[in-house]
> 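After the structure tokens below, expect a handful of questions from me.
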Amino acid sequence: TKNWLTNLKLRASYGQVGNDVYQVNGVRQRFLYEQKWTQQANDYYFGTTGQTGIYEQQYPNYGVTWERAHKYNAGLEFNLWNNLFSGNFDFFYEKRNDILTEYLTRPQWVGVTMAAANLGETKNSGVEIELHHNNTIGKDFNYNIGFTFSHAKNEIVAMDEPALKTDYRKREGHAIGQYFGLIADG
């Protein structure tokens with residue numbers, strides 16, 4: 001190996017990160033564990049005079065926690081024949097659970113907005129490949145040829161979808177952000 005293998009490195013890593021940011025229409029939602037009450041002018045009337053009333057705007061989520069992402073990465077880096085040929089192979093996998101999302105199965109008769117809950121789960125995986133060839137011809141001519149390839153795939157593993165939702169409208173089992181709907185002829 002001394003004659004042909006210049007460098008060989010194996011890499012592996014694992015990490016866990018969290019996220020507590022939940023946004024609705026670009027507005028960050030905070031304190032999901034607190035009840036939210038709102039005053040409303042002219043909420044009810046005594047005779048012809050409107051009175052200020054108060055109503056529960058959002059029901060709290062006492063068990064809310066942050067999202068968790070478990071990230072795995074493995075790789076191989078090598079140089080051959082005194083750096084004439086080199087490359088990297090990387091594989092990554094991420095499983096994200098407890099994703100903050102709105103309830104999609106809340107019955108209409110509840111009559112109040114529910115705070116977001118930890119209802120979602122996704123997975124992401126992929127591979128990256130880099131190959132390089134460096135050489136010198138004569139004194140003044142250097143060249144470098146490179147190839148890069150990457151492929152990534154993600155999937156919604158779980159979300160709060162109604163049980164009776166038609167299959168062509170479900171997002172579970174499909175890629176994040178994928179277009180969906182019924183395909184029809186005619």
Side-chain angles (χ1 to χ4, degrees), residues 10-40 43 53-77 88-130 147-186:
L10 294 171
R11 298 186 308 267
S13 65
Y14 166 76
Q16 184 182 45
V17 296
N19 177 29
D20 67 348
V21 176
Y22 178 69
Q23 293 186 357
V24 175
N25 298 324
V27 178
R28 187 173 177 180
Q29 306 297 307
R30 299 182 65 199
F31 310 115
L32 299 172
Y33 53 87
E34 291 182 343
Q35 288 179 312
K36 293 185 181 175
W37 296 87
T38 301
Q39 284 188 336
Q40 184 172 347
D43 191 34
I54 190 168
Y55 69 94
E56 189 172 23
Q57 181 183 4
Q58 176 178 286
Y59 188 76
N61 180 349
Y62 297 116
V64 71
T65 184
W66 62 354
E67 302 177 1
R68 287 179 177 81
H70 303 271
K71 298 177 180 249
Y72 304 86
N73 192 317
L76 172 71
E77 181 180 321
N88 279 316
F89 297 102
D90 278 300
F91 171 77
F92 63 90
Y93 178 80
E94 175 187 285
K95 183 176 181 185
R96 186 174 291 267
N97 56 6
D98 293 331
I99 297 173
L100 286 167
T101 185
E102 65 181 310
Y103 283 94
L104 300 176
T105 58
R106 176 184 60 89
Q108 293 296 320
W109 51 260
V110 170
V112 67
T113 302
M114 311 263 301
N118 302 99
L119 303 170
E121 184 178 328
T122 61
K123 65 181 179 181
N124 303 291
S125 62
V127 64
E128 297 175 356
I129 300 170
E130 288 182 60
F147 169 79
T148 303
F149 171 80
S150 64
H151 175 72
K153 179 182 177 184
N154 62 48
E155 179 184 344
I156 298 171
V157 176
M159 64 184 292
D160 189 41
E161 289 188 297
L164 298 177
K165 192 175 193 179
T166 51
D167 286 340
Y168 71 87
R169 294 177 51 217
K170 287 190 177 182
R171 294 183 182 232
E172 283 183 5
H174 298 286
I176 299 168
Q178 176 180 327
Y179 291 109
F180 69 100
L182 179 64
I183 298 174
D185 295 329

> Check the angle between the aromatic planes of Tyr59 and Tyr62 and answer parallel, tilted or perpendicular using the 30° and 60° thresholds.
perpendicular
> What pair of heavy atoms forms the shortest contact from Tyr103 to Ala115, and how long is it?
CE1-O, 3.5 Å
> Does Gln16 CD have over 12 foreign heavy atoms under 6.0 Å away?
yes
> Can you name the nearest heavy-atom pair linking Ala152 to Phe92, along with the distance?
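So the minimum-distance heavy-atom pair works out to CB-CZ, 4.0 Å.
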> Show, in sequence, the C-alpha distance, side-chain angles and deciding distance for Glu94 and Val17, and conclude whether the side chain to side chain contact (heavy atoms under 4.5 Å, CB included) test is met.
CA-CA 11 Å; Glu94 175 187 285; Val17 296; over 6 Å; no
> To the nearest 0.5 Å, what is the distance between NE2 (His151) and CZ (Phe91)?
10.5 Å
> List the atom of Leu104, the atom of Pro162, and the distance in Å for their closest heavy-atom pair.
O-CG, 3.9 Å
> Given Thr122, which partner from the list Val157, Asn154, Asn97, Ile99 fulfils the side-chain contact (heavy atoms from CB on, under 4.5 Å) test?
Ile99
> Within this structure, what is the NZ-CZ distance for the pair Lys36 and Phe31, rounded to the nearest 0.5 Å?
8.5 Å
> Can you confirm whether Tyr33 sits close enough to Pro60 that some side-chain heavy atom of one is under 4.5 Å from a side-chain heavy atom of the other?
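No - every pair of side-chain heavy atoms lies 4.5 Å or more apart.
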> Run the side chain to side chain contact (heavy atoms under 4.5 Å, CB included) test on Val112 and Tyr55 for me, step by step, so that the C-alpha distance in whole Å, both residues' side-chain angles and the decisive distance to 0.1 Å come before the verdict.
CA-CA 9 Å; Val112 67; Tyr55 69 94; over 6 Å; no
> To the nearest 0.5 Å, how far apart are CG in Asn61 and CG in Leu119?
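If I round to the nearest 0.5 Å, the distance is 8.0 Å.
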> List for me each residue that meets ring-ring contact (aromatic ring centres under 6.0 Å, His included) alongside Phe147, sequence neighbours excluded, and say none if there are none.
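Partners of Phe147 by the ring-ring contact (aromatic ring centres under 6.0 Å, His included) criterion come out as none, since no residue qualifies.
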> Measuring from atom CG of Asp20 to atom CG of Asn118, what distance do you get when rounded to the nearest 0.5 angstrom?
10.5 Å
> Using 0.5 Å steps for rounding, measure from the OG1 atom of Thr113 to the CD atom of Gln58.
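The OG1 atom of Thr113 sits 7.0 Å away from the CD atom of Gln58.
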> Hey, which of Arg68, Lys95, Arg96 is the one that makes salt bridge (Lys or Arg N to Asp or Glu O under 4.0 Å) with Glu121?
Lys95
> If you round to the nearest 0.5 Å, how far is CG of Leu32 from CE of Met114?
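One gets 12.0 Å once the value is rounded to the nearest 0.5 Å.
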> Classify the ring geometry between Tyr14 and His70 as parallel (under 30°), tilted (30 to 60°) or perpendicular (over 60°).
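Ring orientation, 0 to 90° scale: parallel.
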> Looking at Glu67 and Leu100, would you say the former's side chain and the latter's main chain have a donor-acceptor pair under 3.5 Å?
yes
> So that I can tick it off, tell me whether Glu161 and Arg171 are bridged by a salt bridge, with the cut-off set at under 4.0 angstrom between side-chain N and carboxylate O.
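No.
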> Is the closest side-chain donor-acceptor distance between Thr105 and Asp160 under 3.5 Å?
yes
> I'd like to know whether Glu128 forms a side chain to side chain contact (heavy atoms under 4.5 Å, CB included) with Asn88, so could you lay out the CA-CA distance, the side-chain angles of the two residues, the decisive distance to 0.1 Å, and finally the verdict.
CA-CA 8 Å; Glu128 297 175 356; Asn88 279 316; over 6 Å; no
